[in-house]
2 protein chains.
Amino acid sequence: MASLSDISRHAGVSIATCSRVLNGSAHPVSEATRTRVLQAAEELGYAPSALARALVTRSSRIIGVIVGDIVDPYFAEIARGVEAAAAGLGYLTMVCSAELGSEAELGHLHQLRDYHAAGIVFAGSGRAGDPSAPDVAVAVREARERGTVVVALAQRDFDAPAIVFDNEAAAHDITAYVKGLGHERVTFVEGPAGLHTSAQRLAGFTRAGGIDSIPGGFAYEDGIEAASRLLERDALPQALIAANDEAAIGLLTRLRDAGVDVPGDVAVAGIDDTRPAHFVGLTTVSVPLHEMGRRAAQAVLDQQAEDVLLPHALAIRTTT
Amino acid sequence: MASLSDISRHAGVSIATCSRVLNGSAHPVSEATRTRVLQAAEELGYAPSALARALVTRSSRIIGVIVGDIVDPYFAEIARGVEAAAAGLGYLTMVCSAELGSEAELGHLHQLRDYHAAGIVFAGSGRAGDPSAPDVAVAVREARERGTVVVALAQRDFDAPAIVFDNEAAAHDITAYVKGLGHERVTFVEGPAGLHTSAQRLAGFTRAGGIDSIPGGFAYEDGIEAASRLLERDALPQALIAANDEAAIGLLTRLRDAGVDVPGDVAVAGIDDTRPAHFVGLTTVSVPLHEMGRRAAQAVLDQQAEDVLLPHALAIRTTT
DNA sequence: TTGTAAGCGTTATCAG
DNA sequence: CTGATAACGCTTACAA
């Protein structure tokens, strides 16, 4: 409630001097007045207005993370990585959840730009034919012109540095592994239609010699649904690879409910190695989510980012 | 990049008039000048400074949600509820993750206060003997004085309206249900030491006639660990109730790994009914997480909140 | 209907 | 070392 001018009056010192001691500027201030100011601030319960400060310095200490769905452990892990690097340095990490390629995503982006965020991290993938993509690209450019550092953690359709792992290779590697186990007929349950990430993962599956694939999604329910359709076929494939862990777990659940033995009758694998994968012992591909978040935050703090490609690794468990 | 004064100059209209048309004020403006301004804004790519606006109106359109751990599905569900109600109304939901009762929590609170957040939602429980509790209470008071709406979604040690469910009753009900199944010897795996929520849930277990309880926590790993200790005993109890779902799933996983049949040899139940509980078919108590978040956001929008107690319900699945 | 001007709480540039 | 004072970009009485 108390402002600098209150402190100034209370301590009988100019407002400029108060500002200098209260924000630790390099400008010299005598020890005597310093303590006077500090005491006044203490007595009046001074709390600086981050708003006013940001207005004049032209940059707030806010890092925005735009995710597709906050309950998705994939994004949660990224957000946690950002938070870990930003916390303690006075930066506020704000996670904004918006369906990929939606109006809401554009809205969040605008808000972040309007608040002069120090950084904006796009955790999710872009999608083909996204009608708001041009607007997003414009807003991203405007934000960058304002000095905001923008980082993409998956393929997007605008100009910004990307800190990613190789989705195509990840899908390829898990497919190759599963085939190496001797499974000939392996089918892929695709990610959400249109998402670049989905396309990349499908491409990796194909490159590893995979043929059969069916529509799916990234949610648990999508896996359930896909498994139900599979169960209606004459015969099940020998192995199933889902575009991500959540869907893989959906597959697993539905299959076991139907009395199918996993991995006895059919092997199941996912991609991402999120927390729930541990719970159910899912074979998957471990990708550097936390590290991507951490690096993105670091880029914001450093005020500069560059393209980075991070490694992934197979995580073999009990479903294959 | 363009500001109101740029538009003003470009359109040959006063800055006040520009402000009036660009933010849809009630003040009348002729159709002619309105279009002039709109066009200038369009050409220059005007984006308002939310910072400046917030500074003068003394309130930003930011809703901060302080959670214990963003990867915890309990909090994710709450955050999503807040987001759902706030989105579209121009409010930015920012999720800040900080260990309950930590310095970081205080730091986030300060930041939110300094940004004149419209609302601050505490998703997690307070903890006994928290050294920063007095500071938190002060910052909460200051924030409220500034007009920020503060809401607690669990028991806290400061003065603010609470939107909660009955933790004690939830624990009581699941315990009673399990005992009603004929299990005499049921042990409770406690939540994190010190958390009010932990104490409430343990109290509910006790009131329902439960005797045996062992230390645990709210994380998956805590469940794993607790199960390991249980496995070292001469005999397993007939049923296990964990303080939350994550821990219950840890229990379940470790037990089944050890060849124990659940629910054949021992029944397992949790509390919260978070997403992973569906994955593994866990019997648990469904609590109104999403609704709590939604109502908290609504309270912020309404600029007023009051205490609310929401209902819970048993969710019987396959682990009992 | 339009414009003028006084802030909002800081920071930063100059002079003392 | 200390103090005026001009921004920062916007909202809002109060005038015209």
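Residue numbering restarts at 1 for every chain, and letters A, B, ... go by the order of the sequence lines.
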Which whole-number value in Å describes the distance from [X] [atom1] to [N] [atom2]?
X	N	atom1	atom2	answer
A:Arg61	C:dT11	CZ	P	11 Å
B:Leu22	D:dG9	CG	C1'	13 Å
A:Arg53	C:dC8	CZ	C1'	15 Å
B:Leu4	D:dT11	CG	P	6 Å
A:Leu51	C:dG9	CG	P	10 Å
A:His116	D:dG9	NE2	P	7 Å

Given DNA chain D, 5'-ward residue of the pair B:Ala52 and A:Ala16, judged by closest heavy atom: A:Ala16

statement: Of B:Glu31 and B:Arg146, the one whose closest nucleotide on DNA chain C sits nearer the 5' end is B:Glu31

Any [X] side-chain nitrogen or oxygen under 4.0 Å from OP1 or OP2 of [N]:
X	N	answer
B:Tyr46	D:dC10	yes
B:Ser14	C:dT2	no
B:Thr33	C:dT1	no
B:Ser25	D:dT11	no
A:Asn23	C:dT11	yes
B:Arg58	C:dC8	no

message: Does this structure show an ion pair linking B:Glu105 with B:Arg156, if we count only N-O contacts that are shorter than 4.0 Å?
response: yes

Sidechain N-carboxylate O distance under 4.0 Å for A:Asp130, A:Arg127: no

Of the nucleotides [options], which has the atom closest to the [X] side chain?
X	options	result
A:Thr17	C:dT10, D:dG9, D:dT2	D:dT2
B:Ile15	D:dG9, D:dA7, C:dA5	C:dA5
B:Leu55	D:dT2, D:dC10, D:dG9	D:dG9
B:Val13	C:dG3, D:dT11, C:dG9	C:dG3

- request: Give a yes or no on whether a donor-acceptor pair under 3.5 Å exists between the nucleobase atoms of D:dG3, that is its base, and the side chain of A:Arg20.
  value: yes

message: I'd like to know if A:His27 reaches the base of D:dT2 with its side chain, counting only an N/O donor and acceptor under 3.5 Å.
response: yes

For [X], report the nucleic acid contact type (base, sugar-phosphate, nothing); a contact means any heavy atom under 4.0 Å.
X	answer
A:Ala26	nothing
B:Val29	sugar-phosphate
B:Ser19	base

query: Rounded to the nearest 0.5 Å, what separation is found between the CZ atom of B:Arg53 and the OH atom of A:Tyr115?
result: 8.5 Å

- request: Measure from the side-chain N and O atoms of B:Thr197 to the backbone N and O of B:Ser125, and report whether any donor-acceptor pair falls under 3.5 Å.
  value: no

- prompt: Going by atom types alone, do B:His196 and B:Asn167 pair a side-chain donor with an acceptor below 3.5 Å?
  reply: no

message: Is it the case that the side chains of A:Asn23 and A:Ser25 hold a donor-acceptor pair, with the cut-off being a distance below 3.5 Å and no angle test?
response: no

